[in-house]
Structure formats: C-alpha cells, structure tokens
Protein chains: 2
Amino acid sequence: MRDLAEIQEMLRSAGLKATHQRLVIMSIVMKMTNHPSVDQIYGEVRKDHPSISLATVYKTVETFVENGLLSKVATREGQMRYDPRLDNHGHIYCGNTKELLDFYDDELNELIIDFFKNRKVNNLKIKNITVRINGDKIDPSKDVIIK
Amino acid sequence: MRDLAEIQEMLRSAGLKATHQRLVIMSIVMKMTNHPSVDQIYGEVRKDHPSISLATVYKTVETFVENGLLSKVATREGQMRYDPRLDNHGHIYCGNTKELLDFYDDELNELIIDFFKNRKVNNLKIKNITVRINGDKIDPSKDVIIK
DNA sequence: CTATTTGCAAATAATTTGCAGCTGG
DNA sequence: CCAGCTGCAAATTATTTGCAAATAG
C-alpha cells in the first residue's frame, strides 16, 4: 500500500497539482486491484468523501490517463475500466462476471516481441500489442489461475 | 459480393425470419469491410432505405451477434463495431483514424495456440484469444500493411 | 495572487425499451 | 393466421461541458 506522500510526489512529478480529490482518487484506484469502472471508483470514493462529485472522478481519471499515471481499457462490451498497472501485460475478461483481470507472462511477451521482429508492419507507429483472453468463469466464486 | 438468396438462406438456417430489413442490413455489413459502427451502418442503410429505423439497426445487428452471424468488437475507446468475419484473427486499431482493421496471420495463431497448450488456465472456459496491435497510422491516407 | 481544479446542473451521445401495428412463412 | 419483427418516441445510461466558486503552490 502506497502512502499519500508518495502519491503526492507522483502527481507533482507528472506536473499535476496534488489536490485532495486527486490524492483520494489515486489512492483508491491503486487499492482496487480489478480494473474498476468510474462508477465503482466513485462508489468507493463517496464512502469516505461524499463531497467529491462524480464529474470530478471522470475528469480526474482522464487527467491521470493523459499524464500516464493510469491506463484505460475497454471491456469486450465497451465499458471503460482503469488500470494502475502500466507495464506490458495481457488481460483476461470474464463475460459472465464482467471481471477484467491482468495477466503477466514474460514468456508470452517475449514470444510476441520476437514474432513482430520478423514481420514488418508498414505505415503504423505501434503503441502496444496486447493479448486478451475472453471467456467465462466456471466457478464465479473462485479465481482464475494461469500456470 | 454475396447475393440476397444466399443471405436469405444464411438467416433461415440460423432460425431467423428473412425480413426485408435484415437482408438489407446484412448485405450492407458484408459490403463494409472495416468494422462499421451502428451509426455507419445506419448511414449506409438509409441511403437506399430511409424507412428503416436506427432502432431496427441496433436490434438487428444484436440479433445477428446472438445468432453467431456477426461478431462485435469494442475499440480501445469503447465504441462498438461489427465484424462479418467470424474466424480467428487479430485486430489493428489506429487511434488517430479510429479504424479497426482485421489481420490474419496463421503463424501467430498457431504460436498462441501452442503457447496455451503448455499453460493451464484454471476455472475459465476460454471463448477466444485475440491479439490487438494499437498504434497510429503514419500516413492516414495510406493503408497499413503487414508482411 | 492566479492558473488550475472542483462541484453542480444541464447538455450530449449511445443504446435500450414499451408497445401498437406490420409481415413472413 | 400469429409469433416474431419493426418503427416510433420516450427512457436510460454513460460521459462531457460551461461556469462560478474554491484552492494549491
């Protein structure tokens, strides 16, 4: 768990004012592991800080994305989710539970990087390449585990 | 270009009534190569068939997706697009032009299938695995080519 | 002090719904 | 004929915007 001073520093070095609202929102998003939607973030925020508005949550997470502090992912159904992890990773999307899960696999990353070294993609400046596994959880009360 | 009789047959064998609206919409989606949005489909539809309503286009493409005649993909920004191709393929998304392009690469498919043979994904019924390349077109007037 | 940021309420955009009337088989 | 489909308009949902008041640095 990161403390507020650290988040404050993170915001400053991104050139953003470290407002109360931003500190609250960032610390909550970092606590929520599973790619929350704006509504879910707002739901958490309002518990302790009911005066922070929904519009502020929208504006704030968008600011974070623009400044590279969060990334933004669409689910298969087009709902936007926010992810505090910025490094290269894949996603697992469970259509039945609507969960969007990170998955890390260096071997897969390497495989894909190697693959595209041998292909030439013309007229495109690649920002990133992601692998997404879509499926349904068999037992919704248990976790998905890759090994 | 597929003819109407063929589409009619396709609808019937999916257990759907071959209505005028469905024939028009399906033939237009099959003509549009680059993953149209509902609005883009509606834009084409109304040229020749101004009496077909937007709501009908929404309902119809959704019916097609439910019956496996089209697939539905969200762009990185969460906009829904419809794709007449159902086989396994990757997507290239150009952030600047908002184009969503199919890309076929058997070698990559095979690589990924092999990779997941050696991984065990527990508690998930996998529906599909897709690779998405996100980037920006360098020259928006030219095509992206992979070779 | 002042450029940014916030909260509110209203605006916009995308999609869904209820229901009466139409139509394919 | 009649279950399923369509068109319309209204409802819902998600997100954005304009602007006056608040505030970080």
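FYI, side chains are in, hydrogens and waters are out, and symmetry mates aren't considered; it's all heavy atoms of this structure.
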Euclidean distance, atom [atom1] of residue [X] to atom [atom2] of [N] [Å, nearest integer]:
X	N	atom1	atom2	value
B/L23	D/dT6	CG	P	10 Å
B/H49	D/dG7	NE2	C1'	16 Å
A/E9	D/dG25	CD	P	11 Å
B/R46	D/dC8	CZ	P	11 Å
B/N67	D/dG4	CG	P	13 Å
B/E77	C/dA14	CD	P	13 Å
B/I25	D/dT6	CD1	C1'	10 Å
B/I52	C/dT23	CD1	C1'	14 Å

- Find out if a path of hydrophobic residues (ILVMFWY) with successive side-chain heavy-atom gaps under 4.5 Å connects A/I126 to B/V144. yes

- If you take all heavy atoms of B/V38 and B/V57, which pair is closest and at what distance? CG1-CG1, 3.9 Å

- Correct closest heavy-atom pair for A/I138 and A/P140 would be O-CD, 3.4 Å

- Apply side chain to side chain contact (heavy atoms under 4.5 Å, CB included) to the pair B/R119 and A/K147, showing each step before the final yes or no. CA-CA 6 Å; B/R119 290 284 182 285; A/K147 59 183 170 205; over 6 Å; no

- Could you tell me whether a side-chain N or O of B/D83 sits under 3.5 Å from a main-chain N or O of B/H35, the two making a donor and an acceptor? no

- Note on the structure: Counting primed atoms, P, OP1 and OP2 as sugar-phosphate and everything else as base, the B/S/- map of nucleotides 13-24 of chain D against protein heavy atoms under 4.0 Å is -SBBBB-----B

- Decide side chain to side chain contact (heavy atoms under 4.5 Å, CB included) for B/K127 and A/R76; before the verdict, give the C-alpha distance in whole Å, the side-chain angles of both, and the deciding distance to 0.1 Å. CA-CA 12 Å; B/K127 284 189 292 201; A/R76 193 169 186 70; 5.6 Å; no

- Mind checking B/S51 for me? I need base, sugar-phosphate or nothing, with any heavy atom below 4.0 Å counting as a touch. sugar-phosphate

- Message: Is the phosphate of D/dT6 approached by B/S53 (side-chain N or O, under 4.0 Å from OP1 or OP2)?
- Response: no

